[in-house]
Amino acid sequence: MHRERVSENVFWFQSEVYAQVTAGVVAGPQWAVVVDTLALPDETIGMREFIEHELGVPVRYVINTHYHADHAWGNCFFPGATVIAHSRCRELLEERGMPSLDAARKQNPALRQVKIVLPHITFISGEMTLRVGKKNLIIIPALGHSADGISVLVEEDRILFAGDAFMPLPYVVDGDVEEIAASIKKIGRMGLENIIQGHGDIILRGEIDAAVKENLAYLTAIRKAARIAARRRSPEEYLETVKIEQCGKSRVYLGGLAEGLHQRNMRALVAQMQAEPGEK
Ligand SMILES: [Zn+2]
């Protein structure tokens, strides 16, 4: 697991085992807030040990940016912490997370110790502020990757934990392409020092404009490809010819998973277009 200090009392963690997924911690004098848990128990426990032993504080709150396994299944490793999320996150963890954990356990023995802990405090719209030490954490909706996405702004430092609304490759299979484009544009206008993406590396101030443009151009490119594919007799065959590089992205992103995710993005858009011929 990689670890970096992003600013005073703000730390970032990145998985070395699953899709470069990230998590963060903001520590105060008495307790800390964790933003997302990692994919596998060992890394989540490693993060907790760093907080308890190196920073010397317990974790009082865990914020889940959305319900996906790689961000929310580690809640159980912070017993006693209060979990905060979007209301929809609580519903989705219950409806989808619990059955998929049962299935995943059979495949992966490492998940046997995982238990889904549902969020205790939830909100639907607007924003919520949590004060930790000298910092305000402002929790805001950030939809598009999923229907329950939130981001966490460390107000004083202008650091945004974006969740998967911002990734090296936008991923919309469980989300909505219009909503993620709106979230990416909004993030680009926030005047940030750093974007902490849900996966991949930290984006620095000078790189933000280019990253926003690249992501929006990618979404435009896959929508165009999906429109063409939807008119073909065999959409799949056409999509296989639309490589990630043609859409302005690199296959080395996300530990090599990018091309597969790119193909799934386009297939999901075609399916949506065929379901609602009004076009996206
Ligand atoms: Zn993720």
Between V21 and H71, is the side chain to side chain contact (heavy atoms under 4.5 Å, CB included) condition met? List the steps.
CA-CA 8 Å; V21 66; H71 302 263; 3.6 Å; yes
Contact summary for L269 and A226, nearest pair of heavy atoms
CB-CB, 3.6 Å
Just verifying a value: how many Å separate M273 CE and R231 CZ, rounded to the nearest 0.5 Å?
9.5 Å
Distance check, rounded to the nearest 0.5 Å: R267 atom CZ versus Q272 atom CD?
14.0 Å
Residues that E214 engages under side chain to side chain contact (heavy atoms under 4.5 Å, CB included), provided they are two or more places apart:
K249, Y253
Pair E178 + R223, salt bridge at N-O below 4.0 Å:
yes
Residues in salt bridge (charged side-chain N to carboxylate O under 4.0 Å, His left out) contact with E245, at least two apart in sequence or another chain:
R251
Heavy-atom side-chain contact between I184 and P170 under 4.5 Å:
yes
Nearest heavy-atom neighbours spanning Q246 and T241
OE1-O, 3.0 Å
Would the distance check show the side chain of N265 and the main-chain N or O of V172 forming a donor-acceptor pair, the cut-off being under 3.5 Å?
yes
At what distance, to the nearest 0.5 angstrom, does CD1 of I159 lie from CD1 of I196?
6.0 Å
Flag yes if more than 12 heavy atoms outside R205 fall under 6.0 Å of its CZ atom; otherwise flag no.
no
Excluding sequence neighbours, so at least two apart, what forms side chain to side chain contact (heavy atoms under 4.5 Å, CB included) with K185?
R189, L216
Decide yes or no for I222 and L219: does some side-chain heavy atom of the first lie under 4.5 Å from some side-chain heavy atom of the second?
yes
Looking at A258 and S250, what are the two nearest heavy atoms and their distance?
CB-O, 3.7 Å
Does Q263 use its side chain to pair, donor to acceptor, with the backbone of L239 at less than 3.5 Å?
yes
Polar side chain donor-acceptor pair, N75 to N64, under 3.5 angstrom
yes
Side chains of D157 and S7: is there a donor and an acceptor less than 3.5 Å apart?
yes
Minimum side-chain heavy-atom gap V132-W31 below 4.5 Å
yes
Does NZ in K243 sit with more than 12 non-hydrogen atoms of other residues, nucleotides or ligands closer than 6.0 Å?
yes
Just by modelled atom types, is the M1 backbone N or O under 3.5 Å from a matching donor or acceptor in the E16 side chain?
yes
Can F161 and V26 be said to form a side chain to side chain contact (heavy atoms under 4.5 Å, CB included), step by step?
CA-CA 11 Å; F161 289 94; V26 183; 4.2 Å; yes
Is there side-chain contact between P168 and Q197, with heavy atoms separated by less than 4.5 Å?
yes
Minimal non-hydrogen separation, T44 against G74, with atom names:
CG2-O, 4.0 Å
Quiz: residues 77-88 side-chain donor-acceptor pairs under 3.5 angstrom, not counting sequence neighbours:
{"unit_1": "H86", "atom_1": "ND1", "unit_2": "R88", "atom_2": "N", "d": "3.0"}
{"unit_1": "H86", "atom_1": "NE2", "unit_2": "I124", "atom_2": "O", "d": "3.2"}
{"unit_1": "S87", "atom_1": "OG", "unit_2": "F123", "atom_2": "O", "d": "3.1"}
{"unit_1": "R88", "atom_1": "NH1", "unit_2": "E91", "atom_2": "OE1", "d": "2.5"}

Distance col, row H199:NE2 vs L261:CG, nearest 0.5 angstrom, shows 9.0 Å
Using the six-membered ring wherever Trp is involved, compare the ring planes of H66 and H145 and label them parallel, tilted or perpendicular (cut-offs 30° and 60°).
perpendicular
Give me the atom names and distance for the closest heavy-atom approach of P119 to C89.
CG-SG, 4.3 Å
So, S15 side chain and Q20 main chain: donor-acceptor pair closer than 3.5 Å or not?
no
What I'd like to find out is whether the side chain of T129 reaches to under 4.5 Å of the side chain of I139, using heavy atoms alone.
no
Could you tell me whether the side chains of T22 and Q14 share a donor-acceptor contact shorter than 3.5 Å?
no
Ignoring hydrogens, what is the shortest heavy-atom contact between V270 and A229? Give both atom names and the distance.
CG2-CB, 3.9 Å
For the side chain of R48 and the backbone of P58, is there at least one donor-acceptor N/O pair under 3.5 Å apart?
no
For D70 and L38, indicate whether the former's side chain and the latter's backbone hold a donor-acceptor pair under 3.5 Å.
no
Going by an N to O cut-off under 4.0 Å, is there a salt bridge joining D174 and R96?
yes
Below 4.5 Å, heavy atoms only, C-beta onward: do L169 and M167 meet side chain to side chain?
no
Does any part of the side chain of W73, heavy atoms only, come nearer than 4.5 Å to the side chain of L93, both counted from C-beta?
yes
Do I202 and I195 have side-chain heavy atoms sitting under 4.5 Å apart?
no
Side chains of R90 and Y67: donor-acceptor distance under 3.5 Å anywhere?
no
When you measure from the side chain of S151 to the backbone N and O of A162, does any donor-acceptor pair fall under 3.5 Å?
yes
Rounded at 0.5 Å granularity, tell me how far CG in D201 sits from CD in E207.
9.0 Å
Atom CD1 of I187 and atom CG of L153: how far apart are they, to the nearest 0.5 Å?
10.5 Å
Partner set under side chain to side chain contact (heavy atoms under 4.5 Å, CB included) for L40, not counting sequence neighbours
V17, N108, L111
Under 3.5 Å, side chain of H262 to main-chain N/O of V242, donor-acceptor pair present?
yes
Contacts satisfying salt bridge (charged side-chain N to carboxylate O under 4.0 Å, His left out) that involve residues 117-133 (not counting sequence neighbours) are R131-E156
